[in-house]
Amino acid sequence: MMRMTVLASGSKGNSTVISSSRTRVLVDAGLSCRELLKRMALAGEDPAELDAILITHEHQDHVAGLSVLARRLQIPVFFTEPTHRAWVRMLTPRTTMSYAKWLDHVQREKEARAASVAGEYSEPEPLSRSGNPDVALDLAADPDEDDLCGSYGPEPAAKKPDPAYLPAVEYFHSGTRFSIGDIDITPFTIPHDAADPCGFVFEAEGMRMALATDLGYMPPNVKAALKRIDVMLLESNHDLEMLRDGPYPWSVKQRVLSRVGHLSNHATAEFLEKDYDGGASWIVLGHLSESNNVPELARLAAEQALGNHPTLLGNRVVLAHQAIPLDPITL
Ligand SMILES: [Zn+2]
Ligand SMILES: [Zn+2]
């Protein structure tokens, strides 16, 4: 069994759950912790069963609820090192601390925290626990986070946690396969204006799912990564004419259109027509712009492009939403 549940997709927040029968990971946490928990409940995904969070890049629409959610669930977060650095810098813009000093500071803070609750709370093992379904999580266990994620009373006056504190951080490298539980993960570099952005291919139980959003164009390495995929979340950000005539200032239009911006309906259709191997059961179109796209235009472009492929057994096109979770896609 493999399942993809898109909780949100678009410039106001992105988050997707990828599951095998034994392992569950959340890709990006671009809504508030509270909203993410609400959407997981709506979609029938149990947050207590998440093993890890993976981050594609540090833009706000992919990390807005990250630290609060990770602390709440006490699960590790996987980044590339440049993305982690950029994220930390974003949360502590005025700090004069070097990165090494900051890591040291975080380590000491973690030790102090563990010491202060010794006896009632044991720090999770960073990576090895991720495949272990026996670890029970009490979602209301950490009073420090309650003010930020759920209605559990007022914020404690002192002791504001470091905004970039995470229970555990693991690094991966684009192009290098790693695994979490029984899911094999291959991150691939995407062209986008962030520190070290990536997409992912997930493989478990003989099935493969891929996520590729936030990319300015389809370079050869992405086309190669998107072969033999069963469920593919693909960006279809804007309609070129709507963007050109739309409300964005010229500089923003240039950014979106650039080689490190976002994929247009046209570019996605071109990929589907010329480079896609036609083998997916489902193609999920995501990261649609609310100002410069219309879902039916995105769908039409993709379906026309897929016209050349046999659609009897697959290539069903669905659109991911910004405001509500998509029904889980299970294989
Ligand atoms: Zn984005
Ligand atoms: Zn982005």
Side-chain angles (χ1 to χ4, degrees), residues 4-18 25-33 35-36 39 53-67 69 77-91 93 172 174 187-200 210-219 221-222 225-226 232-239 242-243 246 248-249 251-265 267-268 271 284-293 295 298 319-326:
M4 177 190 283
T5 307
V6 183
L7 300 173
S9 187
S11 58
K12 291 183 184 143
N14 296 274
S15 192
T16 298
V17 183
I18 301 285
V25 298
L26 186 72
V27 184
D28 290 333
L31 300 170
S32 71
C33 171
E35 185 64 24
L36 286 168
R39 293 204 185 188
I53 303 173
L54 274 69
I55 298 300
T56 58
H57 65 295
E58 73 279 13
H59 287 164
Q60 193 61 20
D61 58 318
H62 298 259
V63 297
L66 172 61
S67 49
L69 184 73
V77 182
F78 288 68
F79 301 88
T80 70
E81 189 170 358
T83 298
H84 183 228
R85 281 175 186 250
W87 177 73
V88 169
R89 240 180 275 126
M90 208 170 77
L91 291 180
F172 62 81
S174 270
F188 53 89
T189 296
I190 52 172
H192 192 54
D193 53 357
D196 187 22
C198 68
F200 294 108
L211 259 88
T213 68
D214 298 75
L215 60 169
Y217 70 104
M218 272 283 181
N221 78 304
V222 177
L226 298 178
M232 181 154 31
L233 171 55
L234 205 56
E235 172 159 53
S236 194
N237 179 261
H238 55 275
D239 173 76
M242 283 183 74
L243 178 71
Y248 283 6
S251 59
V252 179
K253 291 181 184 181
Q254 288 300 109
R255 189 229 145 205
V256 173
L257 285 168
S258 78
R259 301 270 282 178
V260 289
H262 291 276
L263 221 54
S264 68
N265 297 346
T268 302
F271 162 75
V284 184
L285 301 176
H287 219 300
L288 267 71
S289 167
E290 290 180 322
S291 313
N292 304 305
N293 210 349
L319 276 79
H321 310 287
Q322 182 70 88
I324 50 165
L326 194 61

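Residue indices begin at 1 and follow the sequence shown. Indexing begins at 1, ligand by ligand and atom by atom, following the structure's order. A quick note: this is a predicted structure, and the numbers were derived from the prediction, not measured. Note: hydrogens, waters and symmetry copies are ignored here, and every other heavy atom, side chains too, is used.
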- prompt: Of all the N, O or S atoms in His57, which one sits nearest to the Zn ion (ligand 2)?
  reply: NE2
message: Any donor-acceptor pair under 3.5 Å linking the side-chain atoms of Asn14 with those of His59?
response: no
task: Take the Zn ion (ligand 2) as the vertex and measure to NE2 of His192 and ND1 of His59; round to 10°.
output: 90°
- prompt: Mind checking whether the Zn ion (ligand 2) has an N, O or S of Asp214 under 2.8 Å?
  reply: yes
- prompt: Using 4.0 Å as the upper bound for N to carboxylate O, is an ion pair formed by Arg255 and Asp193?
  reply: yes
query: Are His287 and His62 close enough that their ring centres sit under 6.0 Å apart?
result: yes
query: Are any N, O or S atoms from His287 nearer to the Zn ion (ligand 1) than 2.8 Å?
result: yes
message: Within 2.8 Å of the Zn ion (ligand 1), is there any N, O or S atom belonging to His62?
response: yes
Exam field: side chain Gln322 to backbone Glu290, donor-acceptor pair closer than 3.5 Å: no
- line: Closest to the Zn ion (ligand 1), among the N/O/S atoms of Asp61, is atom OD2
query: What do you reckon, are the aromatic ring centroids of Phe78 and Phe200 less than 6.0 Å apart?
result: no
